[in-house]
Amino acid sequence: MTAAVTRLLLFATVLVGLSGCSQLLYRQTCVALAKDVSYCLAPLPLNQAAPKGQTSDTQAAKGSKQPDEPQGSGSVQAQTLEQTLSLSQQVRLQRGEQSHELISQLELQPQQMTVVGLAPLGQALFTLIYDGHTLTSEQSVLLGNEFKAEYLLALLQLIYWPEEKLNAYLDGARVKLEDCAAVLCRVLLSNDNRELMRISYSSPDIWHAEVAMNMPQADLKLNIKPL
């Protein structure tokens, strides 16, 4: 079975599964990550320039290498998206003693980001669509009110978007690369230099890498494995 057919079957399964017991919600696009720290979903396309007047630490430091930041082709901010991207992933989310696993399909086009989710046994969970301005979530009623689509999209952007793009839409914090034991690491630091999030990648090609994200203050861990 080809990857394209697998993706088509996954979307079909989600649409059928959601049709009978789902709700369509319009979600907010800004989320609180910590005290005095928030992030608003960056618009599309992914390689769109940051707004004028909003410069990131990466842009401000351009031309002056920082000893604690890796340089070269492995830099996350050096990667851009030139075409449609389609990823099948196994996702494990752990908060405190609770752990959840799902199969996710991420489709990224210049003007739309779509994420669909299935439970390990195939039950349809959600379909999220973000057009760069509006976020809609068609989700199973079984998820209740605990599932916040905007947080999932925010985490995915913090994992995959270039640092300069993220920093333009972060308030009270910034992201940067940092040397670590993994192939590549990204950290989210508050303005007073508290580490709020650490993301490690198994490959410089972050879109196809295994990803481990840790937010100690929120007692939250997210692991992504390509399928």
Side-chain angles (χ1 to χ4, degrees), residues 30-34 36-50 54-81 85 87 89-95 104 106 108 113 115 130 150-226:
C30 294
V31 300
L33 299 175
D36 300 324
V37 176
S38 62
Y39 175 69
C40 293
L41 295 178
L44 299 172
L46 174 59
N47 54 6
Q48 176 180 307
Q54 296 189 43
T55 58
S56 69
D57 288 350
T58 302
Q59 293 168 321
K62 191 175 182 180
S64 59
K65 289 187 178 181
Q66 300 297 320
D68 60 342
E69 293 191 23
Q71 303 291 325
S73 61
S75 175
V76 177
Q77 68 262 32
Q79 302 185 22
T80 59
L81 183 69
L85 184 71
L87 301 173
Q89 301 170 317
Q90 182 181 41
V91 180
R92 184 172 186 268
L93 180 67
Q94 183 176 348
R95 186 167 189 180
S104 171
L106 189 156
L108 187 58
M113 179 181 182
V115 181
Y130 177 58
E150 58 269 30
Y151 277 94
L152 177 58
L153 264 290
L155 293 179
L156 290 175
Q157 285 199 355
L158 288 167
I159 289 171
Y160 293 116
W161 258 234
E163 288 91 13
E164 66 271 17
K165 190 76 172 279
L166 294 172
N167 286 331
Y169 295 92
L170 274 164
D171 183 26
R174 67 193 185 281
V175 293
K176 56 177 287 189
L177 296 183
E178 185 172 276
D179 287 325
C180 63
V183 173
L184 196 67
C185 284
R186 169 184 282 180
V187 293
L188 174 67
L189 300 175
S190 65
N191 285 348
D192 58 359
N193 286 320
R194 289 179 294 116
E195 185 176 308
L196 304 175
M197 178 188 296
R198 177 171 289 267
I199 306 168
S200 61
Y201 307 87
S202 65
S203 167
D205 180 6
I206 64 171
W207 294 99
H208 299 94
E210 292 189 17
V211 178
M213 187 211 74
N214 187 23
M215 292 184 68
Q217 290 188 346
D219 200 11
L220 178 66
K221 294 181 179 179
L222 178 67
N223 294 87
I224 298 176
K225 182 179 180 179

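If you're wondering where the values come from, they're calculated on a predicted model, not measured in any experiment.
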From [atom1] ([X]) to [atom2] ([Y]), nearest 0.5 Å:
{"X": "C30", "Y": "L41", "atom1": "SG", "atom2": "CG", "answer": "7.0 Å"}
{"X": "N214", "Y": "L196", "atom1": "CG", "atom2": "CG", "answer": "11.5 Å"}
{"X": "K221", "Y": "L93", "atom1": "NZ", "atom2": "CG", "answer": "12.0 Å"}
{"X": "L222", "Y": "L152", "atom1": "CG", "atom2": "CG", "answer": "8.0 Å"}
{"X": "D219", "Y": "Q94", "atom1": "CG", "atom2": "CD", "answer": "8.0 Å"}
{"X": "Y130", "Y": "L108", "atom1": "OH", "atom2": "CG", "answer": "11.5 Å"}

(message) Apply side chain to side chain contact (heavy atoms under 4.5 Å, CB included) to residues L220 and L155 and explain how you reach the verdict.
(response) CA-CA 11 Å; L220 178 66; L155 293 179; 4.2 Å; yes
Side chains of [X] and [Y], heavy atoms from C-beta outward: is any pair under 4.5 Å?
{"X": "E178", "Y": "R198", "result": "yes"}
{"X": "W207", "Y": "P226", "result": "no"}
{"X": "Y39", "Y": "Q157", "result": "yes"}
{"X": "M113", "Y": "L156", "result": "yes"}
{"X": "Y160", "Y": "I206", "result": "yes"}
{"X": "V187", "Y": "K176", "result": "yes"}

(message) Taking side chain to side chain contact (heavy atoms under 4.5 Å, CB included) as the criterion, tell me which of L170, D171, L33 meets it with S38.
(response) D171
Determine the minimum heavy-atom distance between [X] and [Y], stating which atoms define it.
{"X": "N191", "Y": "A173", "value": "OD1-N, 3.5 Å"}
{"X": "V37", "Y": "G172", "value": "CG2-O, 3.5 Å"}
{"X": "Y169", "Y": "A42", "value": "CD1-CB, 3.8 Å"}
{"X": "W161", "Y": "P43", "value": "NE1-O, 4.5 Å"}

(message) Please determine whether side chain to side chain donor-acceptor pair (under 3.5 Å) holds for the pair S203 and D205, giving the CA-CA distance in whole Å, both sets of side-chain angles, and the decisive distance to 0.1 Å.
(response) CA-CA 5 Å; S203 167; D205 180 6; 5.4 Å; no
(request) Show your reasoning for whether side chain to side chain contact (heavy atoms under 4.5 Å, CB included) applies to V211 and Q89. (result) CA-CA 10 Å; V211 178; Q89 301 170 317; over 6 Å; no
(request) Return the set of residues passing side-chain contact (heavy atoms from CB on, under 4.5 Å) with A32 (not counting sequence neighbours), or none when no residue passes. (result) Y151
Look at the side chain of [X] and the backbone N and O of [Y], then say whether any donor-acceptor pair between them is shorter than 3.5 Å.
{"X": "Q217", "Y": "A34", "value": "no"}
{"X": "R186", "Y": "I159", "value": "yes"}
{"X": "R92", "Y": "K225", "value": "no"}

